[in-house]
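Below, chains carry the letters A, B, ... as their sequence lines are ordered, and counting in each starts from 1.
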Amino acid sequence: MVQIFDSLAKRDVELTTRVDGAVSMYVCGPTVYDVPHVGHGRTAVVYDVIRRYLEWIGNDVTFVGNVTNVEDKIIARAAQEGTSERELADRYEAVYWAELDRLNVGRPDAVPRATEFVQPMIDLIADLVDRGRAYVIEGEGVYFSVESYPGYGDLSGRRLSDLLEGAGARVEVDERKRSPVDFAVWKAAKPGEPDWESPWGRGRPGWHIECSAMSLEILGESFDLHGGGDDLVFPHHENERAQAEGAGHAFARHWIHSGMVMVGGEKMAKSTGNFTTLGDALDQYGPRAFRLAVVQVHYRSQMELTATELGAAAEGLLRIDNLLRRAAREGVPDGTPDPGIVTGFRAAMDHDFGTPGAMAAVFDAVRRANSAMDAGDHTAASGFVAAVRSLLDALGFPSVDADAGDDVGEIDALVAEREAARGSRDFARADEIRDELAARGITIEDSAHGTTWHR
RNA sequence: GGUGGCGUAGCCGAGUGGCUCAGGCAAGGGUCUGCAAAACCCUGGACGUGGGUUCAAUUCCCACCGCCACCUCCA
């Protein structure tokens with residue numbers, strides 16, 4: 001039984017699904033107008049781990065991750081670059097998936113794009129208008145009437161009275177809106193912007209309608225789990241839910257939200273410029289260290305994800321990799337994952353995807369595997385090594401890359417030469433070779449079972 | 001101003017009303033090794049401040065201080 005912290009219930013609840021043994025989930029993806037930064041990477045890893053774990057414990061998971069490809073910033077950026085919105089969005093979406101591939105984030109089962117679902121959005125808007133929950137302002141578009149939907153504010157914990165107080169003070173309000181908090185579901189066409197035909201004239205969808213329409217279209221009524229970054233709770237998810245339920249649909253059963261990446265105590269954001277691109281972080285520390293850094297923090301917490309954290313994660317990862325190399329070198333047989341370790345792992349994960357505790361179980365297995373090998377007990381070691389392999393796989397860590405490269409043969413030859421020198425107790429020559437390799441970033445490890453190296 | 005959250009050892013970061021306990025990184029001391037590296041063992045140090053509840057609080061309650069997020073597009 002998996003307990004999750006449900007953002008709507010605002011407490012831990014049992015994850016109940018529409019169909020036993022199956023989980024349908026929808027996670028809000030990025031607006032593709034620029035390259036992804038490490039915050040996008042964190043969110044992607046978080047939901048990848050959740051998806052994999054739900055599958056690992058035997059569920060059939062349908063994972064939908066959308067991409068927003070029509071939006072103000074895309075339009076602005078395309079105009080600036082003198083290209084089409086379509087070309088710009090396609091280009092940055094390709095970068096996004098390429099980086100996630102490096103991270104070993106599984107591709108969603110479906111990737112709906114806003115421009116491909118305009119008709120379902122129009123249908124949904126028409127339902128809202130029919131039910132009196134949305135209304136037309138000539139020349140402007142169609143607006144959702146917040147006060148017509150009683151549940152408004154439940155997800156984000158906001159009261160309508162507070163919202164009304166805040167609105168209007170901030171930006172000038174169109175006098176034709178029934179309430180200052182009403183928001184556009186359909187925006188009338190403007191010159192130079194992409195638009196579509198609709199019952200309310202040409203225009204484009206409003207900010208939040210795409211996710212309401214696409215999630216219902218693909219996953220259907222009352223799908224199980226809706227996720228995203230916690231900066232989307234308001235207004236995006238609140239509005240998304242209001243539109244879907246306002247049109248008479250049963251919407252997501254559970255909501256989960258992941259924490260933001262911070263830089264020096266401030267949220268990482270494109271607008272503040274305090275971001276590191278995901279590509280740079282992966283180039284420097286590697287995708288596995290990135291994944292480790294992410295899972296060592298609970299998904300709902302804010303986290304720093306800079307050189308300090310990534311560097312520490314890279315060191316921790318090395319400890320794991322050293323074990324796996326050692327087990328291979330010493331010929332530890334395949335075994336069944338140690339039940340005690342697996343139980344600890346599952347207990348941590350079952351409680352709101354407690355990946356830090358899950359990693360503690362993995363590191364415990366690492367220590368015990370090494371201890372068993374130190375004692376020469378390969379049978380005992382095999383269960384712990386198997387647990388490490390199995391649990392890392394469950395968390396989406398790709399297996400250790402073999403030390404590849406053009407110079408492998410040359411390095412092997414040097415290592416062999418050093419072995420020979422050591423054999424004849426010519427330690428000066430042996431150390432010379434080791435220094436030479438160290439200068440090339442290669443670490444030598446001697447053991448009773450021979451010498452190995454890694455980069 | 002409104003709403004929500006956080007403050008744990010050098011750093012990152014879980015967790016719990018009392019039991020030797022997270023875990024990772026770093027530091028110190030050992031074992032092993034030709035020397036290293038790796039590994040294992042040991043060590044130190046924690047729960048923002050002030051009250052309260054309790055036999056017992058880091059854990060519950062209150063106040064205060066500090067920090068953050070959302071309230072506008074945002075993973």
Q: With a 3.5 Å cut-off and heavy atoms only, can you find an N or O donor on one side and an acceptor on the other between the side chain of A:Lys270 and the base of B:rC73?
A: no
Q: Which nucleotide, B:rC68, B:rG13, B:rC40, lies nearest any side-chain atom of A:Val297?
A: B:rG13
Q: Using only heavy-atom distances, decide whether a donor-acceptor pair under 3.5 angstrom links the side-chain of A:Asp431 to the base of B:rG34.
A: yes
Q: If you check every side-chain atom of A:Gln296, which of B:rC68, B:rG24, B:rC73 has the closest atom?
A: B:rG24
Q: Atom CZ of A:Arg158 to atom C1' of B:rG1: distance rounded to whole Å?
A: 14 Å
Q: Could you work out the separation of B:rC19 and B:rA57 based on their P atoms and round it to a whole Å?
A: 12 Å
Q: If we require ring centres under 5.5 Å and near-parallel planes under 30°, does A:Phe363 stack on B:rG23?
A: no
Q: For the pair made of CH2 in A:Trp453 and P in B:rA38, what is the distance, rounded to whole Å?
A: 17 Å
Q: B:rC35 base to A:Asp446 side chain: any donor-acceptor pair below 3.5 Å?
A: yes
Q: Taking the same atom, C1', in B:rA37 and in B:rC21, what whole-Å distance lies between them?
A: 30 Å
Q: Which whole-number value in Å describes the distance from A:Ile320 CD1 to B:rC25 C1'?
A: 13 Å
Q: Would you mind reading off the distance between A:Glu238 atom CD and B:rC74 atom P, rounded to a whole angstrom?
A: 14 Å
Q: Are A:Arg367 and B:rC41 close enough that a side-chain N or O sits under 4.0 Å from OP1 or OP2?
A: yes
Q: Please state the P separation for the pair B:rC68 and B:rU58 - nearest whole angstrom.
A: 27 Å
Q: Tell me whether A:Arg288 is salt-bridged to A:Asp321, with the criterion being a basic N under 4.0 Å from an acidic carboxylate O.
A: yes
Q: Ignoring hydrogens and angles, are the base of B:rA36 and the side chain of A:Arg434 linked by a donor-acceptor pair under 3.5 Å?
A: yes
Q: How far does the C1' atom of B:rC67 sit from the matching atom of B:rA75, given to the nearest Å?
A: 22 Å
Q: Counting N and O atoms only, with roles assigned by atom type, does the side chain of A:Arg51 sit under 3.5 Å from a partner on the main chain of A:Gly106, one being a donor and the other an acceptor?
A: yes
Q: Could you state the atom-to-atom distance from CD of A:Glu315 to P of B:rA38 in whole Å?
A: 9 Å
Q: Closer than 4.0 Å, any side-chain N/O of A:Lys267 to the OP1 or OP2 of B:rC70?
A: yes
Q: Examine B:rA38: is either OP1 or OP2 under 4.0 Å from a nitrogen or oxygen in the side chain of A:Thr443? Give yes or no.
A: no
